[in-house]
Every structure is written in C-alpha cells, then in structure tokens.
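Since the structure comes first, as structure tokens, the remarks are kept for the end.
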Amino acid sequence: MTAPVVPLGAESAPAATRKGPRLGRARYFVRRLAFYLVAAWIAITLNFLLPRLMPGDPASVLIAQMQGRTALSGDMIASIYRLFGNPSEPLWDQYLTYLGQVFRLDFGLSVAFYPTPVWEVISAALPWTIGLVGVVAVVSFLFGTAGGILAGGRAGSKLDSVATPGAMFMTALPTFWIALLFVLVLGFQLAWLPTGGAYDPDLEPGLSGAFLGSVVTHAILPALTIAMGWAATWYIGMRNMMITTVSEDYVLLARAKGLSKGTVLFRYAARNAMLPSVAGFAVNLGNVVGGQLLVEAVYAYPGVGYLLFQSVASVDYPLMQALFLMVSLSVLAANFLADSVYGLIDPRARETGS
Amino acid sequence: MSHVPERYEDELLSEEPLSDELLSDELLSGELLSVEGLSVDYFDRAEPVHAVRDVRLGVRRGETLGVVGESGCGKSTLVTALTRLERPPAVITAGSALYRPREGEPVDLLRADERQLSALRWRHLAIVFQSAMNALNPVHRLGAQFVDVLRAQRGLSKKEAQERAGELLGLVGIPADRLRAYPHELSGGMRQRATIALALACEPELVVMDEPTTAVDVVMQRQILKQIGKLQAEFGFSVVFVTHDLSLLIEIADRIAVMYAGRVVEVGPARQLYENPAHPYTAALRNAFPPLRGPRRPLTGIPGSPPGLRHPPAGCAFHPRCASRFAPCDTEEPELLPAGAGEAACHLPTHADAPRTEEAPDATD
Amino acid sequence: MSVDAAAVAARGGFRLPENRKVRAGLALLSLFVLLALLGPFVVEDVFGMSATAIDTSASMQPPSSAHLLGTTATGEDVLAQLVVGSRISLLVGLTAAVISTTLSVLVGVAGGYLGGRPDALLTVVTNVSLVIPSLPLLVIVASYVKGRGGWLTVALIIGLTSWPWGARGKRAQTLSLRRRDFVLAAEMTGESRWWIITRELIPTLAPLISASFLGAVVLSMFADAGLAFMGLGNINLTSWGSMLYWAQNASALPRGAWWWFVPPGACIALVGLAAGLVNFGIDEIANPRLRRANRDIRRAAKAAAKRAHRENS
C-alpha cells in the first residue's frame with residue numbers, strides 16, 4: 001500500500017515557494033493548527049448532532065432513567081435537554097447553549113456513577129489512560145523503529161526473516177483477543193501478574209514503594225498487549241521504508257564517501273526512512289486508541305476505555321458523549337504534536353505552504 | 001580564487017624524476033584502473049540475470065573514458081560494481097579491477113575488503129550520481145554533507161571542514177552561503193554542480209560520473225561539462241563518464257567504450273570511434289543523436305528495442321536490430337578484437353565475406 | 001503499491017499472481033468463505049448439531065468426543081456456534097467493506113481526478129474523518145441505535161465510519177494517473193468526467209481497490225467483534241464477536257474455559273492473517289526492492305558470491 005508521506009492535509013498544498021525557512025516553518029505550524037482546530041470543531045459539532053439525529057429521543061430516555069433513581073431538579077433536566085436535544089427549541093439556540101456548556105466542561109451527571117458529575121468521573125480515569133498510552137507510545141516507537149532499521153538495513157538477515165513474519169502475525173490479531181489470552185495464561189493459569197485494576201485495592205494509594213510497585217505490576221500486561229501491536233505496526237512500516245531507502249542514491253553516495261556504517265545507516269537511511277512513519281502517525285493513532293479502549297475493558301484498567309465499557313453497559317449517555325469528545329480531542333492534540341515533530345525533522349514540509 | 005590542493009601543489013613543484021620502477025609501470029600500462037573480465041549477475045529470481053559480462057576496460061591517468069549505451073545495457077551496474085557499491089541482488093561473479101594509486105600498492109577493487117575499500121573511498125575514488133535531487137540527503141543542509149566526509153576522510157575540524165566546503169563550492173561557482181541551504185532549496189543545476197564539488201572534496205584520482213547532466217537543461221549541461229573539463233585540467237583526476245548520449249561524449253571523452261546487452265562491443269579513441277565506427281551499433285547510436293556542433297544531419301532511430309537481459313538473443317546480441325547482419329551473427333557471439341583504431345566485438349571486420357554496407361540502418365526497417 | 005504495476009495488471013486481465021504469500025492468503029480466505037457458505041448446512045443438517053440448543057446438564061464442558069470444542073455456560077456446542085457464527089461475521093465484514101470501499105473509491109478517485117475546489121473540499125472531509133477516532137464514534141452510534149436493524153445496521157455504521165483511510169490512498173493513486181495517455185485520450189474524445197472515472201480510472205485501479213477491499217473486510221470484522229465484545233451490535237445473533245462477549249460475560253476466563261473464546265478469536269485472527277499475507281504479497285509484486293529482501297533470493301546471491309570468490313582466488 002502507498003505509505004502516506006506527508007501529514008494529513010498538507011498534501012494538497014502547491015509546490016514549494018522560495019520563502020525564508022523561518023517564515024515557512026511558522027506558516028507550517030499555523031496551517032497544521034488551523035486544520036486540527038477545524039477537526040476539533042467538527043468533532044464537537046458531531047457530538048451535538050448525533051443524539052439529535054438518532055431515532056428516538058435520548059433526552060427523554062435519560063430523564064426517565066434518572067428519575068427512576070432520584071428526584072431530578074429543574075436545573076438537571078434543563079442540562080440534559082441542552083446536551084441531548086430539546087424538541088421544542090430551535091436547533092441553532094440549542095447549539096449555542098451546548099457549546100457554552102462544553103466549554104465549561106459541564107457534561108451533566110453520570111448515570112452509572114450517579115450522582116457524580118461526568119467531568120469528575122473522567123478526570124479520575126484520564127491520568128491512568130494517558131500514563132499507560134504515553135509510556136507505551138514511547139517504548140513501542142523506540143523498539144519498533146529500532147527493529148525496523150536493523151531488519152530493513154539488512155533485509156533477508158536472520159533478524160529480518162524471524163521478526164518480519166512475527167510482526168505481520170501480530171498486526172493481524174485483534175488486540176483485545178490477545179488481551180484475553182494474556183489474562184488466561186499469564187494471569188490465571190501461571191498467575192505471574194495481576195490482571196484487573198490499576199493497583200492492589202488492599203494498599204493505601206500514596207507514594208509508598210509497595211503501592212507504586214503494584215501500579216507497575218498492574219500496568220505490565222495492558223501495556224505489553226498494546227505495545228506489541230503498536231510496535232509491530234511501527235516495525236513493518238520502518239522496515240519496508242528502510243528497504244526502499246537503502247537503495248536511494250543519497251545512501252549509495254554516503255557509502256561511496258566511506259562514512260562509517262552507523263553514519264550511513266542512521267544519519268542517511270533511517271533519518272529519511274522514518275519520515276513516512278511519523279507522517280502516518282495520525283492514521284495509526286485512531287486504530288491504536290480503539291485497541292487501547294478494548295484492552296482496558298478486558299483488564300478492567302480504570303482508564304477511559306474501561307469507563308466507555310461501563311457507560312455502554314449502563315446506557316450512560318452523558319458519560320459516553322463526554323468520553324467521545326475527550327478521546328477525540330486528545331487524539332487531535334497528539335496528532336498536532338506528531339505533525340509538529342514532522343515539521344521539525346523534514347525541512348521540505350515547512351516549504352509546502354500556499 | 002584557485003585553491004590548489006596540497007597534493008597537486010607538490011606535484012607541480014616537484015622536479016624530481018620519477019623512480020625507474022614507477023616509470024616502467026607507467027610506461028607499461030599507463031593505466032590508473034585496469035578492469036578485466038568483470039561480470040555482474042542479478043539474483044532477483046531463481047535464474048540469475050547476467051547484467052554485465054566479461055568487461056575489459058582501462059582508464060588512463062588524467063583521461064576521460066566515456067561509457068555509452070542505451071538504458072538497460074548494464075552501464076549503471078558497471079558503475080556500482082567498479083565503485084563497489086553493488087547491493088544484493090547484484091553480485092560480482094568474476095573479474096578484477098586493478099587500481100594503481102600514485103602512492104601505495106596497487107589494489108584489486110573487486111577483491112578489496114571493507115577496510116581497504118574505506119581507505120580508498122572518496123580519497124581516491126569518488127562518484128557523481130545521475131540525479132542530484134536524489135544524490136543529496138534531503139534532510140541535511142548542503143554544508144553538513146561536505147563536512148561529514150571531510151571530517152571522516154580528512155580529519156578536519158568542523159570549522160576547517162566548513163571553510164573547505166565553501167572553497168569547494170567556489171570551484172563550481174556556487175556562493176559559500178548556500179552551504180546553509182537544504183537540497184530542495186537549490187535549483188537543479190546548482191544541485192548537480194554541488195555534487196561535483198562534493199566529489200572533489202578529497203582530491204580523488206578517479207571520479208565516476210553516472211549521467212551527471214541528464215537531469216539539467218542543455219545550457220546548464222554545457223556549463224557543467226565545461227566546468228568538469230576545467231577542474232580536470234586543474235587537478236588531473238581521471239573521469240569515467242557514463243551516459244546514453246554519444247554526441248555528448250565526443251565533446252569531452254578521450255576514449256569511448258560502447259556497451260550493449262551487458263558487454264563492451266566497441267572501444268577506441270573518441271574521434272576515430274565516432275567518425276569511423278567499427279560496430280554497426282556504434283554507427284546506429286551516432287545517427288540517433290544530433291551532434292552538439294558541426295553540420296546537422298538527418299537523425300535515424302535504432303529499430304527495435306534493447307534486448308531483455310533475462311533472455312538475450314543468441315549469437316551477437318545486437319543481431320535482431322542490425323542491418324548488416326549475416327551468416328554467423330545469430331549463432332556465434334563475436335569477441336572483442338582489434339578493429340580500426342580500437343577494438344570491436346563484431347563479425348564484420350573479421351569476415352572477408354561479410355556484406356559491405358555503407359548506409360546506416362533505416363529506422364523504417 | 002505502485003500504480004504502474006497495478007495498471008499493467010489491470011490491462012493484462014486477471015491472472016492469479018505467482019507470489020506464494022498471495023496464493024496462501026487467497027486459499028485461506030476461500031476456505032473461510034466456503035465455511036460460511038456451506039458450514040452451517042453441514043453442521044446443522046448433516047451432523048444434526050445446533051448452535052443455540054441449550055443443555056444445562058452439559059455446562060462449560062471441555063472438548064470431548066460429544067462436543068469437539070466443548071460447550072458454553074448454557075451447554076451450547078462451541079463448534080456449531082463457531083461454524084454458524086462465521087456467516088454473520090463474514091457477512092458484516094463483507095457488507096461494511098463494500099460500503100466503505102465504494103465510498104472511498106468515489107471520494108478518492110473523484111477528488112484526485114477533478115482537482116481544484118472539489119478535491120480540496122473532499123480532502124478536508126477525508127482528513128477530518130480520518131483523525132476523529134472511529135471506535136468511540138462507533139460505540140456511541142451503536143448504543144443510540146440499540147440493536148435496531150440487526151447486523152445490517154452494524155455493517156452500515158462500520159462502513160460509514162471506515163472509508164477515509166482508503167479514500168486517501170486512492171486519491172494519491174488517481175493523481176498519478178491523471179496525466180496518463182489513456183485519460184488524456186478519453187478527454188480529447190469528449191468523454192464525460194463520470195465516464196472517465198467509471199470506465200477508465202476505476203478499472204485501472206481495480207487491483208489496488210481489491211487489495212484495499214480485503215483490508216477493509218478484516219478491519220470491519222475486527223470492529224464488529226470489538227463492538228460485540230462491548231455488548232453492542234449483534235450479541236443475540238451467533239457470531240464470533242458475540243461468542244467472545246458471552247464468554248467474557250460468563251467469566252469464561254477465570255473459570256479457565258479457553259475453548260469458548262480461543263476458537264472465535266483464532267478464526268478472526270486467521271482471516272486477518274490471510275488478508276495480511278495477500279497485502280504483503282502484493283507489496284512484494286509491486287515493489288521489487290521488497291521482493292529482493294526475499295530470503296531464497298538472498299541465499300542464491302550469497303552462494304554465487306562465495307563461488308565467485310573461490311574461483312577468483
């Protein structure tokens with residue numbers, strides 16, 4: 001398949017214009033930022049439209065559901081109508097009040113954790129997911145890319161002929177199913193590692209060694225599950241690009257110059273081969289996040305994914321909606337970060353501005 | 001400015017006679033590089049493809065040897081094999097390439113190990129690639145690509161290397177401030193001249209140029225060729241100049257080797273080879289390109305297309321496209337034998353009963 | 001994969017590629033299609049097994065001669081469920097892939113061919129849809145739909161959310177075809193844009209489209225299984241995804257009932273692997289540099305180099 005070689009949205013720009021590098025760089029970042037702001041606005045608007053376009057009347061369902069548990073105040077009912085649609089109000093007015101509410105991070109009360117406000121529920125889960133994804137992203141990028149450089153730089157070598165089919169196999173497996181296998185074998189049958197939660201519930205949360213140790217052991221399996229798939233994706237992309245890149249003239253020229261093997265492999269081949277991987281980060285991130293959400297559900301890891309699972313089980317629309325928004329916005333932010341890195345490592349990207 | 005590198009300065013100043021031993025070696029061969037029986041196979045399917053077969057070539061000191069042929073004739077494979085940049089699936093299966101540096105022992109390039117090669121690279125043996133767009137690392141500034149080799153091969157400090165890089169760019173008429181530019185910020189002609197300056201960074205004795213002017217327009221091509229000639233006169237390196245354009249070679253080459261289907265089919269002094277080709281393929285090539293100077297003459301294309309190297313024709317590989325073919329051509333492969341002022345691999349000069357054709361083969365055939 | 005290789009393949013008519021990976025992948029896929037088509041008849045009518053017959057006396061039995069793959073918590077036969085479930089899983093995957101491939105071809109080829117403003121608009125739409133993560137979106141839509149419309153709705157939702165990735169690739173490939181002779185010739189003769197897109201461009205891109213279709217089938221099956229696993233979509237129809245959901249729901253894991261969730265997951269993985277093999281094989285056909293990384297070829301080259309070295313010295 002054709003590897004995307006430029007960040008999303010940068011490809012329709014016309015050919016390079018001779019502008020000062022600094023101006024080009026600022027322009028590149030502004031363009032990327034504008035794109036992601038538009039994407040964020042669309043995600044927020046989608047979140048507004050979905051319950052209003054769906055068959056049935058989610059707001060009434062929700063109100064009925066909540067009234068089964070407790071008496072709802074008028075304010076609460078109004079808030080639900082603002083978030084999920086009030087048939088008696090014009091759509092545009094609803095949209096404006098909805099936007100106001102979203103910017104105040106007021107997503108109403110959770111059904112599953114009634115009567116905790118949705119934002120509080122999410123704030124408690126977010127650090128776990130961000131910590132896990134952050135560590136996994138760095139580790140899998142380092143391992144996958146390094147492996148891809150070595151295997152692609154010496155295609156057909158022993159490493160290549162073992163690791164490449166292995167990585168292919170990894171990318172073909174559904175992540176949450178691997179999680180299930182891990183839980184069965186490593187968690188229950190061998191009992192090596194804990195498989196539920198983020199820490200030992202018997203321990204008092206704090207900065208004690210025992211507590212931190214339990215945080216680490218609880219994170220190993222979920223992290224390993226996600227990292228394997230992610231590293232395999234990085235690995236294959238990098239390996240294939242390396243194979244193409246090592247035959248490029250500039251790599252041949254570097255060899256002809258008699259530069260050391262390491263210089264040729266890293267400064268010339270790998271430095272160029274990794275550009276499509278970074279540019280394609282956005283495309284992969286969506287899939288990885290999907291996998292991450294399901295994996296958290298399997299391990300009952302108290303992050304955003306497990307919350308999503310719980311919100312589905314208890315038909316908690318306010319929580320679901322807010323989660324969709326938070327996950328989307330985080331992914332957009334991560335993508336902007338990746339594009340910024342791309343702008344720094346590929347001098348040509350900064351020149352494509354219109 | 002005309003910075004003469006130290007080594008050449010020594011040469012110019014030294015009035016000492018050469019030692020007898022060196023002198024006789026010079027007289028005997030006069031060759032900087034002698035290639036014998038070079039064969040390169042490609043293993044990209046079950047059966048190997050013979051991309052270069054039994055090539056014999058000599059490059060004399062200070063001369064320009066032109067290598068010409070259509071695309072797919074094996075000339076680029078020859079370049080990568082000579083510079084030992086071949087990569088799997090290309091494998092050098094036979095031959096030797098004896099390189100005689102001014103100082104030090106002769107080395108067979110084809111049998112040199114990595115250590116010997118890295119001692120030769122760029123200090124003795126440099127290369128200029130076809131497409132300068134791809135020959136420069138797109139993510140590093142131009143200066144960095146001079147500095148890395150000057151530091152590695154010359155042991156210069158970063159600052160010295162920067163200065164030297166500026167001087168080198170000056171040799172090809174590029175202002176030194178362009179060292180801060182990325183390759184994509186330079187024009188095509190500038191990029192190409194920069195790669196030529198880069199090749200001269202360590203004052204090599206042999207520069208292999210693989211179609212260095214194909215990617216630029218005719219005016220720029222002229223300028224670059226002139227510049228190469230000037231630099232060669234100044235520094236005295238030898239050039240192997242590979243191209244598909246015979247009329248271009250006649251402008252710059254001392255001798256020319258013509259390749260067809262992986263073999264050298266004719267080699268000889270440039271002018272004689274051009275005016276009096278012994279091989280019908282050389283004649284056909286000449287008639288297919290307009291001369292850069294002199295009277296215009298009608299152009300005739302070469303009928304048919306170059307043979308696939310996977311299944312080359314039997315006998316002389318050119319016979320299906322040759323207007324002068326006769327009895328032995330489709331069965332016996334001719335050897336490279338003396339003909340005219342040079343050598344040719346053709347049955348015509350060696351067979352008394354060969355048909356006489358003065359006319360070039362017709363494109364409408 | 002390069003458009004040139006694809007264009008050659010398209011104009012030369014369809015031939016089964018010689019690449020071993022492609023053949024193995026296609027064989028494996030055919031096997032699953034056969035299983036989905038014929039399997040349910042064989043299992044239900046020939047062997048008289050049932051995927052839904054509840055037998056509380058045989059709850060969570062490990063594999064035995066009576067139940068080759070054991071039973072579920074309610075005593076249903078896992079093998080029968082696996083075979084019957086293949087039908088829904090493949091059906092959802094295929095339907096969603098048809099929807100998403102059609103959309104991606106229309107958006108990608110039209111954008112790439114038309115250029116200018118329509119292209120700019122389509123590109124922004126594609127890219128925005130691409131960066132909004134699809135699983136949370138799927139979950140929300142699916143939970144609003146609440147299982148109405150059965151498997152078709154699920155396929156529709158998956159298809160409608162998974163097209164952007166393919167559209168991006170097809171736009172890039174169309175761009176490289178735009179100035180080709182056969183397109184220009186059609187423009188000269190005054191053919192309409194629609195005609196050129198449907199009669200010239202799409203047939204030329206057919207091999208690429210079919211490769212990306214396979215990828216879409218697998219991603220849709222993954223998405224379907226993921227949704228079912230979260231309890232959304234078709235949990236009351238027998239499918240590989242719903243098997244996983246019920247296994248998880250009945251605590252098959254802590255109870256060590258591996259036979260309940262390993263087979264459906266393995267089937268999904270095998271389909272994924274088959275499509276992966278085909279795509280990797282096509283990459284090798286299209287990109288000779290990747291083919292050269294092939295181990296057999298490396299070995300032959302190495303042996304020749306050694307031989308040459310011996311003979312020389």
Side-chain angles (χ1 to χ4, degrees), chain A residues 1-2 4 8-9 11-12 35-36 38-39 42-43 46 50-51 54-56 58 152 155-156 160-161 168-169 171-174 176-177 180-181 183-184 187-189 240 243-244 247 282-283 285-287 289-290 293-294 297-298 308-309 312-313 315 317 320-321 323-324 327-328 331-332 335, chain C residues 1 119-120 123-124 127-128 130-137 139-141 143-146 148 165 168-169 172-173 211-212 215 218-219 222-223 225-226 229-232 244 248 253-254 256 258 261-262 265 268-269 272-273 275-277 279-280 283 287 289-290 292-295 297-299:
Chain A
M1 297 275 93
T2 312
L8 297 168
E11 68 275 75
S12 57
F35 171 76
Y36 285 110
V38 169
I42 290 177
L46 203 61
L50 275 177
M54 285 298 147
D160 186 29
S161 50
M168 261 180 63
F169 187 68
T171 55
L173 301 180
F176 72 95
W177 185 61
L180 289 173
L181 289 186
V183 170
L184 176 76
F188 290 122
Q189 294 195 331
N240 285 358
I243 288 179
T244 313
S247 328
V283 182
L285 191 65
N287 292 332
V289 166
L293 298 179
L294 289 168
V298 173
L308 190 67
F309 186 70
V312 168
V315 204
Y317 287 135
M320 235 186 281
Q321 286 243 301
L323 283 172
F324 167 71
V327 172
S328 299
V331 166
L332 294 181
N335 276 330
Chain C
M1 157 170 194
D119 181 33
T123 304
V124 168
N127 287 340
V128 168
L130 199 54
V131 288
I132 294 177
S134 59
L135 188 90
L137 184 62
V139 167
I140 293 212
V141 176
S143 61
Y144 280 132
V145 171
K146 288 193 212 107
R148 272 177 290 223
W165 196 82
R168 213 169 124 70
Q173 287 144 6
S212 81
V218 171
L219 283 182
F222 280 19
F229 181 73
M230 294 201 103
L232 294 162
L244 289 171
Q248 165 89 350
L253 275 177
W258 57 267
F261 66 84
V262 170
I268 298 171
L273 197 65
L277 279 172
N279 274 334
F280 277 83
D283 271 354
N287 185 348
R289 288 174 183 175
L290 289 183
R292 285 170 189 170
N294 188 300
R295 208 164 22 145
I297 287 162
R298 291 286 290 214
R299 280 208 189 119

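Everything quoted here is computed from the prediction, not taken from an experiment. In what follows, every chain begins at residue 1, and chains take the letters A, B, ... in the order their sequences are listed.
- Residue contact with chain A, scored on non-hydrogen atoms closer than 4.5 Å, involves the backbone and the side chain of C:Leu277 alike.
- With a threshold of 4.5 angstrom between heavy atoms, A:Val312 approaches chain C through side-chain atoms but not through N, CA, C or O.
- Ranked by heavy-atom pairs under 4.5 Å with chain A, the list C:Gly276, C:Ala225, C:Ala275 is led by C:Ala225.
- Only the side chain of C:Leu244 comes within contact range of chain A, judged by heavy atoms closer than 4.5 Å.
- Top candidate by heavy-atom pairs under 4.5 Å with chain A, chosen from C:Leu219, C:Val262, C:Val218, is C:Val262.
- The candidate with the highest count of non-hydrogen atom pairs below 4.5 Å against chain C, out of A:Gly152, A:Ala39, A:Pro174, is A:Pro174.
- Note that the CD1 atom of C:Ile132 and the CG atom of A:Asn335 stand 11.0 Å from one another [nearest 0.5 Å].
- In terms of heavy atoms, C:Pro133 sits closest to A:Val331 at CG-CG2, 3.9 Å.
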Check the pair C:Trp258, A:Leu181 against side-chain contact (heavy atoms from CB on, under 4.5 Å), reporting the backbone distance first and the verdict last. CA-CA 8 Å; C:Trp258 57 267; A:Leu181 289 186; over 6 Å; no
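- Chain A forms more heavy-atom pairs under 4.5 Å with one residue of C:Ala223, C:Gly231, C:Gly215, C:Gly226 than with any other, namely C:Gly226.
- A pairwise comparison of heavy atoms in A:Thr171 and C:Phe222 identifies O-CE2, 4.4 Å as the closest pair.
- Interface remark: A:Leu184 contributes backbone and side-chain atoms alike to the contact with chain C (heavy atom separation under 4.5 Å).
- Ranking A:Val298, A:Leu180, A:Leu332 against chain C, the residue ahead of the rest is A:Leu180, based on heavy-atom pairs under 4.5 Å.
- Separating the CG atom in C:Leu137 from the CZ atom in A:Phe324 is a distance of 4.5 Å, to the nearest 0.5 Å.
- You'll find the side chain of C:Val139 stays beyond 4.5 Å of the side chain of A:Leu293, heavy atoms only.
- Taking the side-chain contact (heavy atoms from CB on, under 4.5 Å) definition, one finds that A:Tyr317 meets it with A:Pro58, A:Leu62, A:Phe84, A:Val315, A:Met320, C:Ser143, C:Tyr144, C:Lys146, sequence neighbours left out.
- Annotation: side chain of A:Trp177 is not in contact with side chain of C:Ile268 (no heavy-atom distance under 4.5 Å).
- Heavy-atom minimum distance, C:Gly272 versus A:Ala172: C-CB, 3.5 Å.
- Considering only residues two or more places apart in sequence or on other chains, A:Leu294 meets the side-chain contact (heavy atoms from CB on, under 4.5 Å) condition with A:Phe176, C:Leu135, C:Phe229, C:Met230.
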